Amino acid sequence: MSNEVFDLKKTVNLPKTDFAQKANLGQSEPARLKKWEEMGLYEKIAEVRKGREKFILHDGPPYANADIHIGTALNKILKDFVVKSRSMMGYDAPYVPGYDCHGLPIENYVERKLKEKGKNKDDIPTNTFRRICREHASTAMNNQTRDFKRLGILGEWETPYLTMSNEYEAETARLFGIYVERGFVYRGARPVYWDVYDQTALAEAEVEYADVVSPSVYVKFLLKSDPALIDEKLAGKNVKCVIWTTTPWTLPANLGISVNPRFDYSAIEVGDEVLLIATELVVSVAEKAGFDATKEIVRFKGEKLDKLEAQHPWLDRVSLIMLGDHVTLGDDSADDDGKKSGKTAGTGLVHTAPGHGTDDFYIGQRHGLPAYCPVNAKGVFTEEVEHFAGEFVFKANPKIVEFMRDNGSLLFHEDYTHRYPHGWRSHKPVIYRATPQWFIAMDNQGDKSLRAQALREVENVKWHPAWGEGRMANMIKGRPDWCVSRQRVWGVPIIAFHCTSCEHCVIDAKLIYHVADIFAAETADAWYNREASELLPDGYKCQECGNGEFTKETDILDVWFDSGSSSVAVLETRGDTLHFPADVYLEGGDQYRGWFNSSLMCGIAAHDRAPYKQIVTHGWVVDGEGKKQSKSLGNVTSPHEIIDRSGAEIMRLWAAAVDYTEDVRCSDEILSRVTDAYRKFRNTARYMLGNLDGFDPAAQSVAEAEMLEIDRWALASLNEVTKTVLDGYKNFDFQASYSALYHFCTVTLSARYLDILKDRLYIYAPTSLERRSAQTGLYKLTDSLCRLLAPMLAFTSDEAWENLPGQQVASVHLAEFPAVSEADNSELLARWERIYGIRDEVLKALEAARGEKVIGSSLEAKVILSVDKDTTMFLLDYYPQLRYIFIVSQVEVHEADSLGIKIEKADGEKCERCWNYSVRVGEFEKYPTVCERCIEALSELEKAAAA
RNA sequence: GCAUCAAUAGAUCAAAUUGGUAGAGCAAACGGUCGAUAACCGUUAGGCUUCAGGCUCAAAUCCUGAUUGAUGCACCA
């Protein structure tokens, strides 16, 4: 045995690890991403999980137009939680990201850019324009990919699906062919904004509002139906419906009058006429028109007017009265600046021209009225319009007013200033005009109709949250036929041909498949590069007239059709990687109307079933006060800023910590709390790693039966959290997983277990059972913690994983979640809950003693516990360890009637090595400043040094 | 305007399927420690559960209405 005297400080086993306290995420994250890329982590995971059951999250494609915002980041992070957690559950969980590349916002962007260079869209060939759109989408997509990768999201980033790729465009076209084949597609008319100067359809976004003066006219329509149907008192009277409009030129297209079923209407006798006007508006109309409105014959609900017929004021045509909730009382709308117009106008009976208004169109559609539009592309009345054929509509306005004044149908006319839509290029007033459009019918094919099937499928999908089912069902019930045509160029063309001779429109699934094959080779640009004859099979002839010459349809498909077809265009075109249907779609709540809806239709068209088994939706990111983030309010949080300042890991943890099913707040305070939590996770892991320095789990672990009870308690607690955490992942309730882990780290580990363990780890000889038992526990805890945190803290858990001794697996993301033991530990857990209850009381007493300056450090204390008999018996088993559990130097337990805790100054002297107080300090010759426990440890150390 | 969802300490979340007197850690304040140190431990103080009604012995929880917020749809003829 050596006579050398140890430097006591050096015999204490202090923690040591390369896992730094400071995360330095700004640098460490990119370094780790690089490492993952170099080792091919995503591919390795796929390899390891090969042959396992699949779990497919199908990515809803973000729009490839701009940089990502915080909402996009939240969406992708949540998806990554799903993919990583399912993979760690043992599933083969691939992630193929996608991008939505076609559509109007990109067209608009490109047009704007062209304009800046003094060029016009119409001056360049369509395919040049499409090429620029394609380039723009590519650029945006590349930027987004860079940002998504930076967030630590693993997936097939080198081969994402693009709705503008040749394969995808071909699949989109083919799917349209399937709709055609199944008889869902029809050609109809629908009103759209129409610029009569540019002679083009305009999208909502291309319309600007400006004040104009319009003729405001009140017009009388003779009730043709028997007035007695409304009320006996009206029998035989000359009853007239009064309507109001500011667009007299739409009157030739009037096919109906809409009333609100819930409003009151009055029948007012004026001279030899009885006028029908909404009760609430009678006074204002009478004032304007200057008649005496005191003679109300009867008052009745609008529903009484249902399906009665009126006579057009000058045409030999019936105008159908229809019930609609869109009918409002007067003009109570607010202007853009938020001020009420204060004007009263209207009669509660609304002139309805289905060819000239969206509302008119939908109500007309429900009542079987056509979208009648006797106005041509130049805004000129067609031949069929009596009296006004060949007139430009805005010029016809005063003439129509005069005409009605002459024939007595005009009740009143005035000038009226209001906001009216204008073309953003022409800056001239636009009109609403029905034009030929392509529709997908919701209700034909009977039992196999899209609506009927969709409603059935909705019940087979599992919705998170559960109210999603009702919301989706409502959407499907209420949605009109799907208008899939757009008068644009950046998209997938609708494959139809028009015979140049008889104008017959050819829409044929076989032709569509033929052209789709060409798209597959050349992209949809082929539609614009080739002549119709080069797209049709050789010698194709019109079936109506035998003519062989055709022109191409110019409309393209709605972008929702593009993305909606992803279930077939992606899930079924990636070999063994993916399959239809997907297990889950996870998107923002706006997608009930959008992608969930269009995908459902497409899934049904292709396979008669929903393309997803589960739907998870998340809310929107709002500011710290719950307000919507917007550029004008300046409350926008940029993901780049968060990443640069705090790291992607903080954003991931934020996504995990909040309740994403509702609107999610994001503010500096919230992020600062999340950062605190991050530090807690990190420091907890670091401390455990530090105490595992040099530990060889394979050789030095202690069998569970031989472990100290508190170490077994820690493992039993771990098992409980593991259950909770795995349940959370399984149910997409990441917050539950996060909370459980956070509570485990702060309370179970940091405040209790690790604090108590400190003495044992530092003081006992490295090879002692006491220390090895603790390390065995710590090893299992750290290993499990890394795995359980991995989906959320993708970077940090992997970093900790690398620092775990004896590591065989190259990344935590290749590992699986720890198994849950079914062993019943409830008694063990309950015993320790009781101990911690007593400990909490002791800690309070210690704090009081500290306040009175009896002690500073708790090791300066002796605790004298008075407890009841039962507790005395209970504590008997723990008597020797109580001082370590309480982190004091001495504990006495006395039986008493009630609980009492007395704190005294500990007996003896402070041991220089372990800082505990002991009366035996000074007894030992070689180390006179040390206690009996340290002497033992030191002799062990001496033995080891000699060997 | 219509539909859906929500509202609990400063912030983030709990409070069971079936109503039973609201909890946690964090932050704050104060203290300890100086062997996890840009760490660690403790103590204390924070809530008319958005508001107003109702059912009930009993309501954060159920019902009605309002307010606020978010999203979707529609609308300004």
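Below, read A as the first sequence line, B as the second, and so on, with proteins coming before strands; counting in each chain starts at 1. This structure is a prediction, so every number in the text was calculated from the model and none was measured.
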A:Asp18 with A:Arg686: basic N within carboxylate O range, under 4.0 Å: no

Take atom [atom1] of [X] and atom [atom2] of [N], then tell me their distance rounded to the nearest Å.
{"X": "A:Tyr687", "N": "B:A39", "atom1": "OH", "atom2": "P", "answer": "16 Å"}
{"X": "A:Tyr660", "N": "B:C5", "atom1": "OH", "atom2": "C1'", "answer": "15 Å"}
{"X": "A:Ile887", "N": "B:G32", "atom1": "CD1", "atom2": "P", "answer": "17 Å"}
{"X": "A:Asn691", "N": "B:C40", "atom1": "CG", "atom2": "C1'", "answer": "13 Å"}
{"X": "A:Trp463", "N": "B:U4", "atom1": "CH2", "atom2": "P", "answer": "16 Å"}
{"X": "A:Leu749", "N": "B:C41", "atom1": "CG", "atom2": "P", "answer": "11 Å"}
{"X": "A:Leu14", "N": "B:G35", "atom1": "CG", "atom2": "C1'", "answer": "5 Å"}
{"X": "A:His413", "N": "B:A77", "atom1": "NE2", "atom2": "C1'", "answer": "16 Å"}

At under 4.0 Å between heavy atoms, what does [X] touch on the DNA or RNA strands: base, sugar-phosphate, or nothing?
{"X": "A:Asn683", "answer": "base"}
{"X": "A:Ser750", "answer": "base"}
{"X": "A:Arg913", "answer": "base"}
{"X": "A:Lys680", "answer": "sugar-phosphate"}
{"X": "A:Gly626", "answer": "sugar-phosphate"}
{"X": "A:Lys627", "answer": "sugar-phosphate"}
{"X": "A:Arg593", "answer": "sugar-phosphate"}
{"X": "A:Ala677", "answer": "nothing"}
{"X": "A:Gly690", "answer": "nothing"}
{"X": "A:Ala736", "answer": "nothing"}

So, OP1 or OP2 of [N]: does either fall under 4.0 Å of a side-chain N or O from [X]?
{"X": "A:Tyr432", "N": "B:A77", "result": "no"}
{"X": "A:Gln21", "N": "B:A36", "result": "no"}
{"X": "A:Lys758", "N": "B:C40", "result": "no"}
{"X": "A:Thr247", "N": "B:A77", "result": "no"}
{"X": "A:Arg752", "N": "B:C40", "result": "no"}

Give a yes-or-no answer on whether the side chains of [X] and [Y] include a donor-acceptor pair shorter than 3.5 Å.
{"X": "A:Arg913", "Y": "A:Thr11", "result": "yes"}
{"X": "A:Glu587", "Y": "A:Thr617", "result": "no"}
{"X": "A:Arg883", "Y": "A:Asn916", "result": "yes"}
{"X": "A:His312", "Y": "A:Asn254", "result": "no"}
{"X": "A:Thr250", "Y": "A:Thr247", "result": "yes"}
{"X": "A:Ser717", "Y": "A:Thr748", "result": "no"}

Considering every strand shown, what is the Watson-Crick or G-U wobble mate of [N] when both distances are under 3.5 Å?
{"N": "B:G46", "answer": "none"}
{"N": "B:C40", "answer": "B:G32"}
{"N": "B:G53", "answer": "B:C63"}
{"N": "B:G69", "answer": "B:C5"}
{"N": "B:U12", "answer": "B:A24"}
{"N": "B:A77", "answer": "none"}

Flag if over 12 foreign heavy atoms under 6.0 Å of NZ, A:Lys16: no

A:Asp676, CG atom: more than 12 neighbouring heavy atoms under 6.0 Å: yes

Side chain of [X] only, please: which of [options] is the nearest?
{"X": "A:Trp467", "options": "B:G25, B:C34, B:C5", "value": "B:C5"}
{"X": "A:Arg679", "options": "B:A39, B:U37, B:C13", "value": "B:A39"}
{"X": "A:Asp676", "options": "B:A36, B:C26, B:G72", "value": "B:C26"}
{"X": "A:His743", "options": "B:U4, B:A24, B:C26", "value": "B:A24"}
{"X": "A:Ser739", "options": "B:A77, B:C73, B:C13", "value": "B:C13"}
{"X": "A:Arg673", "options": "B:G10, B:A70, B:G42", "value": "B:G10"}
{"X": "A:Ser857", "options": "B:U12, B:U33, B:A36", "value": "B:U33"}
{"X": "A:Pro15", "options": "B:A36, B:U71, B:U12", "value": "B:A36"}
{"X": "A:Val350", "options": "B:G42, B:A77, B:A36", "value": "B:A77"}

Passing candidate, ring-ring contact (aromatic ring centres under 6.0 Å, His included) with A:His356, options A:Tyr432, A:Tyr372, A:Trp249, A:Tyr193: A:Trp249

Within residues 842-850 of chain A, residues whose heavy atoms come under 4.0 Å of RNA chain B: A:Leu843, A:Lys844, A:Glu847, A:Arg850

Chi class for B:C48: syn within 90° of 0, otherwise anti: syn

In B:G31, glycosidic geometry as syn within 90° of 0 or anti otherwise: anti

Shortest non-hydrogen separation from A:Ala740 to A:Thr724 and the atoms involved: CB-CG2, 3.8 Å

Residues A:Arg190, A:Asp481; criterion salt bridge (Lys or Arg N to Asp or Glu O under 4.0 Å); working and verdict: CA-CA 11 Å; A:Arg190 190 183 109 129; A:Asp481 284 352; over 6 Å; no

Side chain to side chain, A:Asn597 and A:Tyr592, heavy atoms closer than 4.5 Å: no

A:Trp654 side chain near A:Ile70 side chain, heavy-atom distance below 4.5 Å: yes

Residue whose closest nucleotide on RNA chain B lies nearer the 5' end, A:Lys853 versus A:Arg665: A:Arg665

Upstream residue (5' side of RNA chain B) when A:Pro421 and A:Glu662 are each assigned their closest nucleotide: A:Glu662

Quiz item: A:Lys628 side-chain donor-acceptor pair to B:G69 base, under 3.5 Å: no

Any N/O pairs under 3.5 Å between the protein and nucleotides 14-16 of chain B? List them or say none.
residue, atom, partner, partner atom, Å
B:A14, OP1, A:Gln735, OE1, 3.0

Integer angstrom distance from the P of B:U61 to that of B:U49: 10 Å

Whole-angstrom distance between B:U18 and B:G54, as gauged at atom P: 27 Å

